[in-house]
Every structure is written in C-alpha cells, then in structure tokens.
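Structure record follows, encoded as structure tokens.
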Amino acid sequence: MTEQPQEHRVEITVPPDHEVGSHASFASVWRTQDSFVIDFSTEVRPAEPAEDPDSGARYLHVPARVVARVRIPPGQVWELMKSLEQNLSAYERENAKSTHDEQ
C-alpha cells in the first residue's frame with residue numbers, strides 16, 4: 001500500500017521591515033531561461049518632455065526606480081496568474097465596477 005502525499009501548508013511570514021510594503025506605479029515583466037522577473041517601479045520625479053537624438057521624435061521621459069524585483073520559477077507563473085485573476089474578480093464584485101473603467 002502506497003502512502004498518499006501529505007498536504008502542503010505553507011506558512012508565510014513577512015519580516016517587520018517589509019510589512020508596510022512599497023508603492024509601485026507600474027510593473028515590468030521579463031524572463032530568463034530559469035525565471036520570470038517582475039520589476040515593480042515608481043516615478044522618482046515628474047515626467048518631462050524630451051527629444052530622441054537619433055530620430056528627433058518628441059516623447060515624455062518618465063524617470064523611474066525599481067522598488068522591488070521579484071524572480072519566480074516558470075512553474076509558478078500560472079499559479080500567480082490564477083491568483084491575480086481570482087483576486088481581481090473578487091475586487092470587481094466587491095466594488096461593483098470593472099478595473100478597466102479606471103483606465
């Protein structure tokens with residue numbers, strides 16, 4: 001008779017110096033062969049008009065700084081996506097609006 005694997009229960013603790021968290025205005029996702037990387041960033045000063053020296057095209061330069069870089073293994077990406085979708089759906093139900101309305 002083979003034993004069934006035991007249920008995993010992960011206990012997550014947040015170190016006191018991370019409890020407040022960091023504000024991030026946006027996130028950038030990129031990948032390596034071993035992991036997906038999410039850079040959470042925030043603006044460090046107001047956007048300013050700039051000009052591309054090669055093309056002369058004008059654009060808005062947004063100086064930003066990464067406040068947290070998170071690396072996750074490829075196998076965790078689906079779990080993260082499912083969790084984000086579930087939480088976003090719950091948020092929209094609780095607030096009776098779509099987050100797309102804010103954009």
Side-chain angles (χ1 to χ4, degrees):
M1 183 169 153
T2 58
E3 263 187 56
Q4 292 294 321
Q6 297 251 317
E7 174 185 13
H8 284 82
R9 294 186 181 185
V10 178
E11 180 181 339
I12 298 173
T13 58
V14 178
D17 59 331
H18 284 75
E19 285 179 348
V20 173
S22 297
H23 171 77
S25 303
F26 56 93
S28 172
V29 180
W30 53 282
R31 67 189 180 286
T32 67
Q33 187 153 356
D34 301 328
S35 63
F36 280 75
V37 182
I38 307 170
D39 285 336
F40 294 94
S41 303
T42 190
E43 296 96 352
V44 294
R45 61 181 179 276
E48 52 200 15
E51 187 174 306
D52 184 292
D54 296 328
S55 68
R58 296 194 44 78
Y59 64 95
L60 205 54
H61 174 72
V62 181
R65 176 181 299 130
V66 171
V67 295
R69 173 171 283 174
V70 179
R71 295 176 183 271
I72 59 173
Q76 285 295 312
V77 172
W78 287 112
E79 295 302 318
L80 176 61
M81 290 175 56
K82 286 191 298 189
S83 181
L84 285 169
E85 194 283 323
Q86 290 168 352
N87 279 278
L88 180 59
S89 294
Y91 174 85
E92 289 175 337
R93 281 191 306 275
E94 292 165 7
N95 292 284
K97 68 176 183 174
S98 171
T99 54
H100 293 291
D101 297 339
E102 297 173 9
Q103 297 179 6

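With a 4.5 Å cut-off on side-chain heavy atoms, Gln86 and Ser89 do not count as touching. Under the 4.5 Å side-chain criterion, counting only non-hydrogen atoms from C-beta, Val70 is in contact with Phe40. Side chains of Val37 and Ser35 form a contact here, defined as non-hydrogen atoms less than 4.5 Å apart.
Summarising the geometry, atom OG1 belonging to Thr13 is positioned 11.5 Å from atom NE2 belonging to His18; distances are rounded to the nearest 0.5 Å. A distance of 11.5 Å separates CZ in Arg71 from CD1 in Ile38, rounded to the nearest 0.5 Å. In this structure, CG in Asn87 is found 9.0 Å from CD in Glu94, a value given to the nearest 0.5 Å. Between atom CE of residue Met81 and atom CZ of residue Phe36 there is a gap of 9.5 Å, rounded to the nearest 0.5 Å. Taken to the nearest 0.5 Å, the OG1 atom of Thr42 stands 9.5 Å off from the CZ atom of Arg65.
Residues forming a side chain to side chain donor-acceptor pair (under 3.5 Å) with Trp78 (at least two apart in sequence, or on another chain): none. Residues satisfying the side chain to side chain donor-acceptor pair (under 3.5 Å) criterion with Ser28, sequence neighbours excluded, are absent altogether. Taking the side chain to side chain donor-acceptor pair (under 3.5 Å) definition, one finds that Gln6 meets it with nothing, sequence neighbours left out. Residues satisfying the side chain to side chain donor-acceptor pair (under 3.5 Å) criterion with Ser22, sequence neighbours excluded, are absent altogether.
Val62 shares a hydrophobic cluster with no other residue; no ILVMFWY side chain has heavy atoms under 4.5 Å from its own. Residue Ile12 is found in a hydrophobic cluster whose other members, listed by chain and number, are Val10; membership requires side-chain heavy atoms under 4.5 Å apart, directly or through intermediates.
Leu84 is connected to Ile72 through a chain of hydrophobic side-chain contacts under 4.5 Å among Ile, Leu, Val, Met, Phe, Trp and Tyr, so both are in one cluster.
The shortest non-hydrogen separation linking Ser41 to Ala64 is CB-CB, 4.5 Å. For the residue pair Tyr59 and Glu51, the shortest heavy atom distance occurs at CE2-C, 3.7 Å. Shortest non-hydrogen contact noted between His23 and Val67 is O-CG2, 3.6 Å.
Residues Glu85 and Lys82 are not paired through a salt bridge, judged by the lack of any N-O separation under 4.0 Å between the basic side chain and the carboxylate. For Arg45 and Glu43, the salt-bridge test fails: no basic side-chain N is under 4.0 Å from an acidic carboxylate O.
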